Amino acid sequence: TLLATIVTDAPISTPALNEALKYAAKRSFNSISVDGDMSTNDTFAILANGAAAATKETIINDVQGQDFLRFRDDLTNFATDLAKLIVRDGEGATKFVTIHVKGVPTFEEAKKVASTIATSALVKTALFGQDANWGRILCAVGYSGVSSIIPNKVSVSFIPNDGSTPLKLLTLGEPENVDEARALEILKMEELEIRVELGIGNEEAKMWTCDFSYDYIKINADYRT
Amino acid sequence: NSTAIPENKKHLVPTSGTYPNGFKVTGVHCGVKKNGQKDLALIVSDKPCTAAAVFTTNVFKAAPVLLSREILNKNSGQDIRAIVINSGCANAVTGIKGMENAKKMSDEVSKLTNVETSTLVMSTGVIGQHLPIEKIINGINVAHEKAVNGSHEGWMEVAEAIMTTDFFPKLRSGQFTLPSSGLTYSMAGIAKGAGMIHPNMA
């Protein structure tokens, strides 16, 4: 279960707070997956008591105004930090993985593809095993339900977190001659990005996920008892 | 709980923070968890709050989800004073008694803050079991006495008290400045979650 509470002493009206929360939730907690299971109790709540306000005029109310936009973005970044901590936990996760899907007609479709990769048990076990099994990634893209995908426009890369050269695995539907030693080097890192370029649009989406670890199995094998 | 944090996760747990004004917080052990670990968190605001929340879209919404949504709707997202959270038992798929227990939790905190229907409730843990409500009510009273304003230790207790299978407590805080008014404000956030995580809240 995900539970998240953020409290602030910012002065903000209820409609503006609602707007900011919805925006932030979509880009933070609704963009993570550990195991693909949705709980009965997931809740993300925010309370704002206005204690930081010196005067009544400082209340954030105008959802087009600069102060609202900054508050909304601060909240989104803050919530994203918390959401990422959940993925870094992952009941013993050893990898923190960003799934970045680009070149898609709509954000929703990009999210759908990212979500399918992020919840593939075989992708997640390969990540744990540090196996550059890009075939599993591609397979997940293919059954994501996004019908506009054109196989020979799809490219897949591993982007290492240390800023070193990315590793191309598949380019425009053709497999690269993958340097397995370099692939292992990247997969040994705690953090990496799997970038998928679909080449059929201009939208993109990110999801954060982790690997499946032995600890995950052990914890969930007898949680109730 | 914090003593059990694995070495490779310790850097993710803050040792200090800057917390918002006007919130008293604490976490205690009330007896839901059998191992003596903290299992009840309380956050109480000195002033009435505007509030908003998103909830699971799972068809089987737990009692605290239904109740908190109802309270937010009834109050139009205003005059909320507190959040109470227990871990160890999710109070999910618990029928009428589950709703009654969630309401008892909310009402007990609201009574202590002297503001009716002003407390949101969250629960996490095992599904399909009833809350040991007497232990929780006692815990709420202990927590209300103990809650302190803005201390890092208090916030850490809150983060620990909502943990279930989490490997480490999740707490963040920060200070921000708005561009037009120049107002500086603070935020504090706690989260829990490790497994059964693929939220789609609305």
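Every chain is numbered from 1, with letters handed out A, B, ... down the list of sequences. No experiment lies behind these values; they were computed from the predicted model shown.
Tyr185(B) and Phe71(A) have tilted rings, their planes meeting at an angle from 30° to 60° on a 0 to 90° scale.
For Leu12(B), the parts lying near chain A are the backbone and the side chain together; criterion is any non-hydrogen pair under 4.5 Å. Asp67(A) touches chain B through backbone and side chain together, each having a heavy atom under 4.5 Å away. Contacts of Pro179(B) with chain A are made by both backbone and side-chain atoms, with heavy-atom separations under 4.5 Å. Neither the backbone nor the side chain of Ser68(B) has a heavy atom closer than 4.5 Å to any heavy atom of chain A. Heavy atoms of Ile80(B) lying under 4.5 Å from chain A belong exclusively to its side chain. There is no contact between Ser87(B) and chain A, counting heavy-atom distances below 4.5 Å. Contacts between Leu17(A) and chain B at a heavy-atom distance below 4.5 Å involve backbone atoms as well as side-chain atoms.
Contact detail for Met122(B) and Ala45(A): the closest heavy-atom pair is CE-CB, 3.7 Å. For the pair His198(B) and Ser33(A), the tightest heavy-atom approach, listed with the atom from each and the gap, is ND1-OG, 2.7 Å. The minimum heavy-atom distance linking Thr40(A) with Ala92(B) is given by the pair OG1-CB, 3.4 Å. Among all heavy-atom pairs drawn from Ser181(B) and Thr58(A), the shortest one is CB-CG2, 4.2 Å. Closest of all the heavy-atom pairs between Glu91(A) and Ala194(B) is CG-CB, 3.2 Å. Here the shortest heavy-atom pairing between Asn21(B) and Asn49(A) reads O-ND2, 2.9 Å.
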Requested in this report: For the pair Asp9(A) and Ser186(B), evaluate side chain to side chain contact (heavy atoms under 4.5 Å, CB included) and give the outcome as yes or no after the intermediate values.
Outcome: CA-CA 6 Å; Asp9(A) 51 17; Ser186(B) 301; 4.0 Å; yes
Query - Worked check of side chain to side chain contact (heavy atoms under 4.5 Å, CB included) between Met38(A) and Asn200(B) - result: CA-CA 7 Å; Met38(A) 187 200 295; Asn200(B) 185 21; 3.7 Å; yes
Report task. Quick one: do Phe167(B) and Ile219(A) satisfy side chain to side chain contact (heavy atoms under 4.5 Å, CB included)? Show the steps, please. Result -> CA-CA 11 Å; Phe167(B) 274 53; Ile219(A) 287 167; 3.4 Å; yes
Requested in this report: Tell me, with the steps shown, if Ser180(B) and Arg70(A) meet side chain to side chain contact (heavy atoms under 4.5 Å, CB included).
Outcome: CA-CA 10 Å; Ser180(B) 283; Arg70(A) 176 66 66 84; over 6 Å; no
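Looking at heavy atoms from C-beta onward, Phe176(B) lies out of side-chain contact with Thr8(A) at the 4.5 angstrom threshold. Taking the side chain as every heavy atom from C-beta outward, Thr5(A) and Ile85(B) approach each other to under 4.5 Å. Inter-residue side-chain proximity for Leu2(A) and Met201(B) is flagged as met; some heavy-atom pair is nearer than 4.5 Å. Looking at Ile12(A) and Thr50(B), their side chains come closer than 4.5 Å, going by heavy atoms from C-beta outward. Contact of the Ile197(B) side chain with the Ile86(A) side chain is registered, since non-hydrogen atoms from C-beta on lie closer than 4.5 Å. Using a 4.5 Å cut-off on side-chain heavy atoms (C-beta onward), Thr14(A) and Ser76(B) make no contact. By the 4.5 Å heavy-atom criterion applied to side chains, Val65(B) and Thr43(A) are counted as neighbours. Between Cys49(B) and Ile46(A), the closest side-chain pair of non-hydrogen atoms is not below 4.5 Å.
We find the NZ-CG distance between Lys192(B) and Asn41(A) to be 8.5 Å, quoted to the nearest 0.5 Å. Annotation: the span from Ser173(B) atom OG to Asp81(A) atom CG amounts to 11.0 Å, rounded to 0.5 Å. Of the inter-residue distances, the one linking Ile190(B) atom CD1 with Leu82(A) atom CG reads 9.0 Å to the nearest 0.5 angstrom. How far CG of Leu178(B) is from CD of Gln66(A): 10.0 Å, rounded to the nearest 0.5 Å.
Counting non-hydrogen atoms of other residues, nucleotides and ligands closer than 6.0 Å to CG of Asn202(A) gives a total of 12 or fewer. For Lys24(B), the NZ atom is loosely surrounded, since the number of other residues' heavy atoms within 6.0 Å does not exceed 12.
Ranking Asp37(A), Thr119(A), Asn220(A), Val87(A) against chain B, the residue ahead of the rest is Asp37(A), based on heavy-atom pairs under 4.5 Å. For the options Gly50(A), Ala51(A), Ser13(A), Ala48(A), heavy-atom pairs under 4.5 Å to chain B are most numerous at Ala48(A). Put simply, of Leu47(A), Leu75(A), Ile6(A), Asp215(A), the one with the most heavy-atom pairs under 4.5 Å next to chain B is Leu47(A). Here Ile83(B) is the residue among Val25(B), Ile162(B), Ile83(B), Ile43(B) with the most heavy-atom pairs under 4.5 Å with chain A. Counting heavy-atom pairs closer than 4.5 Å to chain A, the top-ranked of the candidates Ala51(B), Gly128(B), Ala82(B), Ala63(B) is Ala51(B). When Gly125(B), Gly174(B), Ala202(B) are compared by the number of non-hydrogen pairs under 4.5 Å with chain A, Gly125(B) comes out ahead. For the set Asp35(A), Ile60(A), Leu3(A), Asn18(A), the entry with the most heavy-atom pairs within less than 4.5 Å of chain B is Leu3(A). When the candidates Ala53(B), Gly22(B), Pro64(B) are compared by the number of heavy-atom contacts under 4.5 Å with chain A, Ala53(B) comes out ahead. The most heavy-atom pairs under 4.5 Å with chain B, out of Ser39(A), Ala4(A), Ala10(A), Ala52(A), come from Ser39(A). Note on Leu21(A), Val34(A), Leu69(A), Leu85(A): by heavy-atom pairs under 4.5 Å with chain B, the leading option is Leu85(A). The greatest number of non-hydrogen atom pairs below 4.5 Å with chain A, out of Ser123(B), Ala188(B), Ala41(B), Gly193(B), is found for Ala188(B). When Arg81(B), Lys9(B), Gln129(B), Arg69(B) are compared by the number of non-hydrogen pairs under 4.5 Å with chain A, Lys9(B) comes out ahead.
Ion pairing of Asp89(A) with Lys170(B) is present here, as a side-chain N (NZ or NE/NH1/NH2) and a carboxylate O approach within less than 4.0 Å.
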